[in-house]
Protein chains: 2
Amino acid sequence: MEILQAMPKRTDAKEHLIAAAVRLFRAHGYDGVGVAQLLEASGAPRGSLYFHFPGGKEEIAIAAIRRASARVGERLAARRARGEAPEVYIDGVLNAWAEELSASDYANGCIVAIIALEMGERAPALREETRAAFMKWETEFAAAARAWGMRETDAESFASAMLGAIEGAIALSRAKQSAAPFAHAATALKALARDYLAGSGPSG
Amino acid sequence: MEILQAMPKRTDAKEHLIAAAVRLFRAHGYDGVGVAQLLEASGAPRGSLYFHFPGGKEEIAIAAIRRASARVGERLAARRARGEAPEVYIDGVLNAWAEELSASDYANGCIVAIIALEMGERAPALREETRAAFMKWETEFAAAARAWGMRETDAESFASAMLGAIEGAIALSRAKQSAAPFAHAATALKALARDYLAGSGPSG
DNA sequence: TCCGATCTATGACGGACGGTCTAGTTGCTT
DNA sequence: AAGCAACTAGACCGTCCGTCATAGATCGGA
């Protein structure tokens, strides 16, 4: 029997900390956010950080990536369950991101992408986490593509292109303070899906 | 008469500083690189930084973005002058980036994208610089597309999709330590170009 | 040829903040 | 009421970026 999970939880500081980390990291990047900001934003006391996350800032970032990965993954799974046509699905996913960006005045980016770009060999654990998050989302896209009747290898290629187009559109959108890049990305992805589904694939 | 430009240049510290800034920022981001690292990498003394760049770190970052923007822009212009077919051009550009990433063990990213993602309202001057750099490259892509016979609006949409696909592929490539995302992005872009050039456009 | 004047270059310094840790307090359980 | 897990406060030292007084280099004028 697991009695550990019955341990009384006296505060929800850990939850608040993760939520603040997701929010701040995806707006300013890993190095752009100090633990002091994390603590202030979450309302958690200073000492709690290393109790809940003995690994310090890096462990918080890992938790934040996992949280974001799971949440976005759930939304994608829910959308896929609707069985939408390619055009509807692609527009839906891209529009959701466009809305996310414009609603936050182009402050909210993707925590996975920015940490992937910041972290080279500096923090292998973080990079591994970004890899896992990207793969999770790609798996979702590939599953949607297979449901449309796309061949396995084509579906994987499409999934990579779709994820890349989204992440790139986020970067462009932030720089230009405009949601237009998402529309252009959607157009490209719909053309790719049409090509792959037309028959022999885009190169034939 | 401009006599200022005739002032003797006793050291090339400024050049070294910009070169080091481009190299380090694109690997670790703006906040991931300290002034001390810039100085050590360039061999310049501390005081020289604030002589050449009174605006400090932010001004160096602006200079670094401009440098990168110009260098990449020149390469793109040179490639465009070759008058390559869409497939060749797209593969060429994407392969160049793939090579850049893999040759550096996936350390070298795009200084424009990472700074665009890191900087929200924190540094408007930097964000404006990223916007300008992205627009310059988009203009290049659009010019190439027009040369293939693409209509004006289609060319602009294609250019945005191409830049976004590249920047996204860089993020994925770093996370996965693989150049595969560039190949998938290239496939998508070739499909888009084919669609746009086929006649009435991808939505007709 | 010498001499200020002006431009260029430098590294030691400081206030602030970075992430981390240890020593201590709280409150549940028995 | 004792023991232990859950939690917290404050201070730690290193690094952060930017400033400063001063040293070196170059030039125009006498």
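Just so it is clear: chains get the letters A, B, ... in the order the sequence lines come, proteins before strands, and each one is counted from 1. All values below were derived from every heavy atom in this structure, side-chain atoms included, with hydrogens, water molecules and symmetry-related copies excluded.
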Atom pair distance, as rounded to whole Å: CG in A:Leu49 and P in C:dG19: 9 Å
Residues from residues 37-48 of chain B lying under 4.0 Å of DNA chain D - heavy atoms: B:Arg46
Closest approach of B:Gly55 to B:Glu59 (non-hydrogen atoms, all atoms of both residues): N-OE1, 2.5 Å
Sub-6.0 Å ring centroid separation between B:Phe25 and B:Tyr30: yes
Below 4.0 Å: OP1/OP2 of D:dT19 and any side-chain N or O of B:Tyr50: no
DNA chain D contacts among residues 54-63 of chain A, heavy-atom distance under 4.0 Å: none
Salt bridge present between B:Glu156 and B:Arg146 (N-O < 4.0 angstrom): no
Salt bridge (charged side-chain N to carboxylate O under 4.0 Å, His left out) assessment of B:Glu128 paired with B:Arg131: CA-CA 5 Å; B:Glu128 168 57 27; B:Arg131 194 189 63 79; 2.8 Å; yes
Spacing of A:Leu126 atom CG relative to C:dG19 atom P, expressed in whole Å: 13 Å
For atom CG of A:Leu17 and atom P of D:dC7, their distance in whole Å: 12 Å
Lys NZ or Arg CZ of A:Lys176 over B:Phe134 ring: under 6.0 Å, within 45°: no
Partner set under side chain to side chain contact (heavy atoms under 4.5 Å, CB included) for B:Thr139, not counting sequence neighbours: none
Pairing of B:Asp31 and B:Arg122 as salt bridge, 4.0 angstrom limit: yes
Pairing of A:Arg75 and A:Glu140 as salt bridge, 4.0 angstrom limit: no
Gap between atoms NZ and C1', on B:Lys14 and C:dC7 respectively (whole Å): 14 Å
Closest to side chain of B:Phe51, choosing from D:dT19, C:dA9, D:dA6: C:dA9
Sub-4.0 Å heavy-atom contacts from residues 19-29 of chain A onto DNA chain C, ordered by number: none
Solution key, residues 179-186 of chain B side-chain donor-acceptor pairs under 3.5 Å, sequence neighbours excluded:
unit_1   : atom_1 : unit_2   : atom_2 : d
B:His184 : ND1    : A:Ser157 : OG     : 2.9

Minimum-distance pair of heavy atoms, taken over all atoms of A:Phe141 and A:Ala159: CB-CB, 3.6 Å
Taking distance alone, no hydrogens or angles, what donor-acceptor pairs closer than 3.5 Å link side-chain atoms of residues 37-50 of chain B to residues at least two apart or in another chain?
unit_1  : atom_1 : unit_2  : atom_2 : d
B:Ser42 : OG     : B:Leu38 : O      : 2.9
B:Ser42 : OG     : B:Leu39 : O      : 3.3
B:Ser42 : OG     : B:Ala44 : N      : 3.3

Integer-rounded Å distance: C:dG18 C1' and A:Tyr30 OH: 11 Å
Sugar-phosphate, base or nothing in reach of A:Val35, heavy atoms under 4.0 Å: base
Touch class at under 4.0 angstrom, heavy-atom based, for A:Ala36 against every strand present: sugar-phosphate
